[in-house]
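Reviewing the structure listed below.
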Amino acid sequence: MKKSFILGIELLLLGGLTSLASNLRCAKTVFSQPNVRFMQKVRISDGQGVVTVKGLPSGLKWNAKRQIVEGKVKKEGVYSYTISYNHNGKIEDAQVKLTVSSQLQLPVPFMGWLSWNSVEGDISESIVKQVADMFHANGLYDAGWNAVMMDDLWQARTGRAVDGKPLPDPKRFPNGLRSVADYVHSKGMKFGLYTDAADKTCAGAFGSYGYEKIDADQYAEWNVDVVKCDYCNAPSEQDTAIVRYGRMGDAFKQAKRPMTLYICEWGVREPWQWGAEAGGSCWRISADVRDGWTCEPGGAGVMQCIDIMKNISEYSGVNRFNDSDMLCVGLHGTGHSSNDLCFGHPGMTQDEYRTQFALWCMWSSPMALSFDPRTNTLTDDDLAILKNRRLIALNQDRMGQQADLISESDQMVVFAKDLENGDVAISVTNLSDKTSEATFDFAKIPALDARKSYKCQDLWTGEHLNPVKGGFTVSVRSHTTMVYRLSK
Ligand code: GAL
């Protein structure tokens, strides 16, 4: 059965997901590194009531104008505070748990490679090694790309070992997984693999349901760093997903090595509401990404990712990232699963790939490339996009804030992102099919003061433009994204 069809049924069944309909929208489990600027956004979905915050630890304050908790906590520890929303005497409270630690699983989003889009069932020791080598040879590693992750089908086709332990395919991993992980680590990179919170994975290999502890211990033994945990073949209810991912998260906590739990249930059950509580550090927000600007239902082109991400920025932060799935930059229509549902025309223009990269950076989405190292379709222009350190710095900003939607029309979408040092990144994406002008209006961007003058850098070219005040107008090619960094 086609994946898109299965997902369609899930969406239908979950159409009535209302248990989470609260007017107070904020994360309840948040993280920060000690002495690094922290920010938590609070959003109200029904209008004009008043938000107050009580019990903030020293170093944090409530910014009522912007509706954010902000500041720096110096000391490591677990803190709690209460966010209350009073609307005509009706009070909603959220107890927030803030963990300040220098040992967080995913302080900034991962930047790496995932095998699925192009390699699928061919994943092997040799492919993992080739990717690690390539990242060093082509300069991606130096630019910050530092994780190699195996997706589905690394598992032995014959199933688990007799003692229940997971086994890699012996033909494709003749030396076992520990040696593969060691190789990746020797290159200064992290190593990841994939499983599923059910008996079987999406592609039919064995999953981890009922084997959470055995698997977590074995992954730790293999020196795994990141585990993507899928949700095919599992019951559709949100409650069950919370329990199943929680079991995985608990097993990871007891394992002898820290491992990052990457939740992949496609955003269907709003994992941004419970993923961190289950022990996850990031979660997919959509169906599988496609190598297209827009795509048929069941998949996610760039447009579908914008449509979802624009509504959930308040749930993303340090060690709790909304993940827009693999990047298609560099694929040029050569992938496999990423080619499905693309109205028959997989592949994007360079401007569209630029938009994908720029938005994933603005959103602090985890980023995974997905090219096939055997054919290596990355061009010099792709590498220039992916090595743009000014944009990477947005993705890796230690405050971990996802850009907020500022305005949208059929023509232009504008986002703004708060950065740790107080700078603000702004982007505009041209959705229309011709070059057009777009105006940033600082009065509409809460992070900016329309009366102040800002230094302005074009993050694609690095060029420092004349200082700007109140706003400015730029010309944007069809389907591309301009990004600027504004500093006081
Ligand atoms: C999907 C998942 C993909 C990939 C695939 C493997 O459910 O969303 O990213 O992991 O399974 O079978």
Side-chain angles (χ1 to χ4, degrees), residues 1-11 14 109-110 112-124 127-128 147-157 166 168-169 172 192-209 224 226-236 241 244-245 248 260-269 271 275 280 282-292 295-301 304-305 308 321-328 331 335-342 346 356 360 365-372:
M1 194 167 7
K2 267 185 125 179
K3 243 316 261 325
S4 48
F5 177 71
I6 302 172
L7 197 56
I9 291 186
E10 283 234 35
L11 287 166
L14 284 154
F110 60 67
W113 179 89
L114 256 172
S115 51
W116 191 249
N117 281 347
S118 55
V119 170
E120 291 184 346
D122 288 346
I123 185 63
S124 65
I127 285 188
V128 170
V148 186
M149 298 174 284
M150 306 193 294
D151 209 294
D152 208 347
L153 294 180
W154 57 268
Q155 303 90 334
R157 307 283 206 255
D169 184 298
R172 287 175 291 124
L193 52 66
Y194 162 105
T195 189
D196 191 293
D199 294 338
K200 287 207 181 314
T201 67
C202 297
F206 55 82
S208 287
Y209 183 61
V224 170
V226 183
V227 178
K228 170 173 170 179
C229 187
D230 217 330
Y231 205 67
C232 277
N233 307 308
S236 60
R244 289 194 176 204
Y245 281 110
M248 210 69 205
T260 301
L261 174 60
Y262 169 12
I263 293 173
C264 175
E265 59 74 76
W266 323 292
V268 179
R269 285 149 280 257
C282 58
W283 35 81
R284 282 270 301 279
I285 54 95
S286 69
D288 292 6
V289 81
R290 303 298 152 149
D291 193 2
C295 74
E296 296 164 54
Q304 284 75 29
C305 291
I308 302 171
F321 297 103
N322 291 325
D323 170 59
S324 282
D325 203 6
M326 287 166 258
L327 288 172
C328 296
L331 282 183
H336 295 297
S337 47
S338 48
N339 281 1
D340 193 12
L341 305 175
C342 294
Q356 192 183 43
W360 268 234
S365 169
M367 297 196 288
L369 302 175
S370 52
F371 59 86
D372 186 332

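Counting convention: from 1, in listed order, for ligands and their atoms alike.
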(request) Under 4.0 Å from a heavy atom of Lys228: give me the atoms of ligand 1 that qualify, with their elements. (result) 3 (C), 4 (C), 9 (O), 10 (O)
(message) Testing the 3.5 Å rule here: is there a donor-acceptor pair between the side chains of Asp152 and Thr201?
(response) yes
(message) Is there a side-chain contact between Val268 and Arg284 in this structure, where contact means two heavy atoms from C-beta onward sitting under 4.5 Å apart?
(response) no
(request) Step by step, work out the side-chain contact (heavy atoms from CB on, under 4.5 Å) result for Val289 and Asn117. (result) CA-CA 9 Å; Val289 81; Asn117 281 347; 3.8 Å; yes
(message) Does the residue Thr201 have a heavy-atom contact with ligand 1, meaning some pair of atoms that are separated by less than 4.0 Å?
(response) no
(request) For Arg284 and ligand 1, answer yes if some heavy atom of the residue is under 4.0 Å from a ligand atom, otherwise no. (result) yes
(message) Please work out, at 4.0 Å between heavy atoms, whether the side chain, the backbone, both, or neither of Tyr231 comes within that distance of ligand 1.
(response) neither
(message) Is there a side-chain contact between Glu120 and Ser337 in this structure, where contact means two heavy atoms from C-beta onward sitting under 4.5 Å apart?
(response) yes
(request) Give yes if a backbone or side-chain nitrogen or oxygen of Trp266 is under 3.5 Å from a nitrogen or oxygen of ligand 1, and no if not. (result) yes
(message) Taking 4.0 Å as the limit for heavy-atom contacts, which would you say applies to Ala287 with ligand 1: side chain only, backbone only, both, or neither?
(response) neither
(request) Enumerate the atoms of ligand 1 whose separation from the nearest heavy atom of Cys264 is less than 4.0 angstrom. (result) 2 (C), 8 (O)
(request) Could you tell me whether the side chain of Asp230 reaches within less than 4.5 Å of the side chain of Tyr194, counting heavy atoms only? (result) yes
